[in-house]
2 protein chains.
Amino acid sequence: MTVSLEQLEAFVASAEHGSFSAAGRALRKAQSAISTQVANLETDLGVMLFRREGRHPVLTPAGDRLLREARVVLDRRAHLIGVAASFEAHVESRLVVAIDELYPEAVQAELLAEFAAHFPHVELELLFPMMEDVSRLVLDGKADIGVMWRQEVLPPEIGFHTLGWVPLQLVCGKDHPLAEGVVEWEDLKRHRQLMVAVRSEGPEKQRLRTAAEVWWVESHWVILQLVRRGIGWALVPDHIIRESTVREDLAIPPLRFDGADWPVALELVWHKQRPSGPAARWLRERFTARRISDWPDPIGG
Amino acid sequence: MTVSLEQLEAFVASAEHGSFSAAGRALRKAQSAISTQVANLETDLGVMLFRREGRHPVLTPAGDRLLREARVVLDRRAHLIGVAASFEAHVESRLVVAIDELYPEAVQAELLAEFAAHFPHVELELLFPMMEDVSRLVLDGKADIGVMWRQEVLPPEIGFHTLGWVPLQLVCGKDHPLAEGVVEWEDLKRHRQLMVAVRSEGPEKQRLRTAAEVWWVESHWVILQLVRRGIGWALVPDHIIRESTVREDLAIPPLRFDGADWPVALELVWHKQRPSGPAARWLRERFTARRISDWPDPIGG
DNA sequence: TAGCATCCATCTGAAAATCAGATAGGCCGA
DNA sequence: TCGGCCTATCTGATTTTCAGATGGATGCTA
């Protein structure tokens with residue numbers, strides 16, 4: 001005879017419930033069934049799993065080790081059944097999500113943890129496109145869902161939903177001239193501005209442009225590295241400044257002028273024509289429910 | 001009905017052999033048995049595993065994914081049976097090996113890879129004791145096998161076997177005075193020597209001592225870092241110099257005197273009284289078979 | 001210490017699953 | 001078109017699993 005799953009179930013239940021009788025009750029089987037299953041398992045494996053002195057059977061060292069192995073086998077079967085159930089429900093077996101770095105990592109991690117709990121059988125691929133456009137990835141079918149900073153007017157095939165507005169903050173290096181005092185609007189124009197590079201061309205690309213001289217850099221994180229070296233100033237979201245490893249070397253100078261939080265829209269985007277499965281719908285709903293106002297407080301707030 | 005291992009076996013065999021009939025031949029069962037098992041599995045999972053158009057059944061996407069899961073379940077059962085067989089053969093479920101850094105990492109990795117292949121069910125714990133004595137770990141039962149640099153006379157409870165002699169090399173920093181020309185014996189005495197610190201006291205500790213001024217450092221790797229800074233000279237085995245990340249900053253000056261490879265004995269040690277299982281015996285044999293002459297060539301040779 | 005509840009092992013017959021063999025039908029190359 | 005190979009399904013036999021009953025042992029408790 002070979003090791004069967006019923007034997008392993010009886011074994012695990014016995015170990016978990018402390019007795020063969022209790023295991024039988026838990027599995028809705030007779031005590032005799034459990035007893036013989038465990039006994040057969042022991043002869044099959046050639047190893048004693050329980051010591052039977054005393055009132056309750058107690059695991060031998062071998063039993064303790066094999067219990068873990070048995071649990072793994074049963075867990076894998078349960079997992080297989082779960083995967084099959086996902087197929088039956090036409091859940092995507094794979095989901096590609098492209099997220100701009102503007103979206104806070106902490107919120108993203110929380111959301112994806114929830115996702116993993118709800119859809120343990122979906123292979124998730126996360127993209128963090130640097131210079132590539134998230135909307136283009138979604139348009140080309142390379143991503144199912146995207147979270148992006150709205151740069152241009154979106155093509156009509158793309159469905160979108162505004163998640164909120166991310167306030168940007170003016171930062172420069174500690175030794176930068178702007179760090180000296182209160183900053184005037186005209187001051188900004190005189191120094192080099194560092195901006196996030198995008199592939200697409202259009203008016204939105206220039207919206208935040210203030211200075212005469214601009215460097216285009218592919219990531220806010222890299223921008224902070226350059227800002228720290230005094231290469232220029234930049235507009236960067238709070239949470240990226242906060243989580244940066246170089247934040248001690250950065251300065252956030254006070255401003256003399258109003259309305260200067262330069263908000264940027266974060267959009268959730270998807271392809272209207274491509275049918276989305278339960279996993280994509282769920283994730284879209286969760287992204288939408290997580291308003292930006294729920295996000296962790298900005299520095300000094 | 002629930003998913004059984006027989007169903008998974010029939011499924012995997014069918015996928016691997018390309019047809020239900022071939023699977024039946026491979027499993028020494030009738031074709032009808034395979035056919036019904038697979039069909040039952042499909043109804044249990046609610047998912048079509050094969051498309052039956054044409055001559056041979058061909059996996060559906062779901063079947064392809066679930067095939068991997070099925071293999072995992074079967075592999076885990078095989079693993080469980082293997083663990084049980086190890087227990088039956090009284091193989092250790094755990095083995096602690098303490099290896100001195102003098103033993104080359106490459107050889108050690110090769111040996112342990114072989115070990116993992118032979119004893120996949122043994123939990124191996126590797127210790128790389130710095131200042132602690134390997135012999136003491138073995139004596140106290142904290143390690144089952146040890147590989148150590150012989151420092152003192154070993155206590156009688158310890159069994160040992162000499163694996164070979166590791167030649168040491170004189171190294172100093174590139175800017176160290178000794179790097180200038182050919183080194184005389186008397187030159188060594190004038191400069192600071194860096195030696196490996198050991199807890200035990202005794203004459204062996206001082207055997208390699210040459211200089212008047214000595215610093216004791218807990219690891220050859222750390223010694224090389226200090227040597228690189230010009231803090232002193234040291235005797236270090238070839239392979240550690242070769243694998244060091246700072247080897248470009250080191251100098252190996254030529255010597256004016258003979259017999260200057262300062263060989264150090266590497267010993268395999270174990271506790272005589274404690275019974276050793278098959279895994280420990282196997283590992284001891286393999287360590288012994290790997291003579292030091294088999295080791296990779298030293299620098300320049 | 002005796003009684004009682006609970007546990008385990010084992011037996012027995014019934015229920016269920018598995019299997020081999022047979023049969024019928026489909027696909028494909030010669 | 002035929003023959004070989006395949007699959008699905010049926011049937012009865014074999015094997016396995018199961019529940020219930022019984023006897024013996026343990027431990028708690030009055």
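Naming: A, B, ... by sequence-line order, numbering from 1 per chain.
For the helix from C/dT1-D/dA30 to C/dA30-D/dT1, the end axes, each set by the C1' atoms of five terminal pairs, are bent relative to each other by 30° (nearest 10°).
As rounded to whole Å, 14 Å separates atom C1' of D/dC18 from atom CD of A/Q7. Whole-Å rounding puts the A/Q37 CD to D/dT16 P distance at 12 Å. Atoms CG (A/N40) and C1' (D/dT17) sit 10 Å apart, rounded to a whole Å. Here D/dT7 presents its C1' atom at 16 Å from CZ of B/R51, a figure rounded to the nearest Å. Remark: C1' of D/dT17 and CG of A/L41 are 15 Å apart, rounded to the nearest angstrom. Going from atom CG of B/L5 over to atom P of C/dT18 covers 11 Å, rounded to whole Å. A straight line from NE2 of A/H17 to C1' of C/dC8 spans 18 Å, rounded to a whole angstrom. We find that CD1 of B/I34 is positioned 14 Å from P of C/dG21, with the value rounded to whole Å.
Here the side chain of A/S21 is nearest to one of D/dC6, C/dA9, C/dC7, namely C/dC7. Between C/dC7, D/dC6, D/dG20, one nucleotide has an atom nearer to the side chain of B/R25 than all others, and that is D/dC6. The B/H56 side chain lies nearest to D/dC6 when the options are D/dA8, C/dT10, D/dC6. With D/dC6, D/dT9, C/dT10 as the choices, the nucleotide that has an atom nearest any side-chain atom of B/S35 turns out to be D/dT9. Each of D/dC18, C/dC8, C/dC19 was ranked by its minimum atom distance to the side chain of B/K29; first place goes to C/dC19. The side chain of A/R52 has C/dA9 as its nearest neighbour among D/dC18, D/dT7, C/dA9. The side chain of B/S19 lies closest to D/dT7 when the candidates are D/dT7, D/dT9, D/dC18. For A/S32, counting side-chain heavy atoms from C-beta on, the closest listed nucleotide (D/dA19, C/dA20, C/dA9) is D/dA19. Nearest to the side-chain atoms of B/P57 among the listed nucleotides D/dC10, D/dC18, D/dC6 stands D/dC6.
Each of B/E6 and A/A33 was matched to the nucleotide of DNA chain C holding its nearest heavy atom; the match closer to the 5' end belongs to A/A33.
B/F11 contributes atom CZ, which lies 8.5 Å from atom CZ of B/R71 (distance to the nearest 0.5 angstrom). Rounded to the nearest 0.5 Å, atoms OG1 (B/T288) and NE2 (B/H161) are 4.5 Å apart.
Ion pair A/R77/A/E9 flagged as a salt bridge, since at least one NZ, NE, NH1 or NH2 atom sits closer than 4.0 Å to an Asp/Glu carboxylate oxygen. Salt bridge annotation for B/E42-B/R52: present, with a cationic side-chain nitrogen under 4.0 angstrom from a carboxylate oxygen. With salt bridges taken as basic N to acidic carboxylate O contacts below 4.0 Å, one links A/R65 and A/E69.
Applying the ring pair (Phe, Tyr, Trp, His ring centres under 6.0 Å) rule to pairs touching residues 56-99 of chain A yields A/H79-A/H121, sequence neighbours excluded.
Annotation for A/R284: atom CZ counts as buried by contact number, over 12 foreign heavy atoms lying within 6.0 Å.
When A/Y103, A/W282, A/W270, A/F160 are each tested for a ring-ring contact (aromatic ring centres under 6.0 Å, His included) with A/F287, only one passes: A/Y103.
Scanning atom types as modelled, no donor and acceptor separated by under 3.5 angstrom connect the side chain of A/Q31 and the base of D/dA19.
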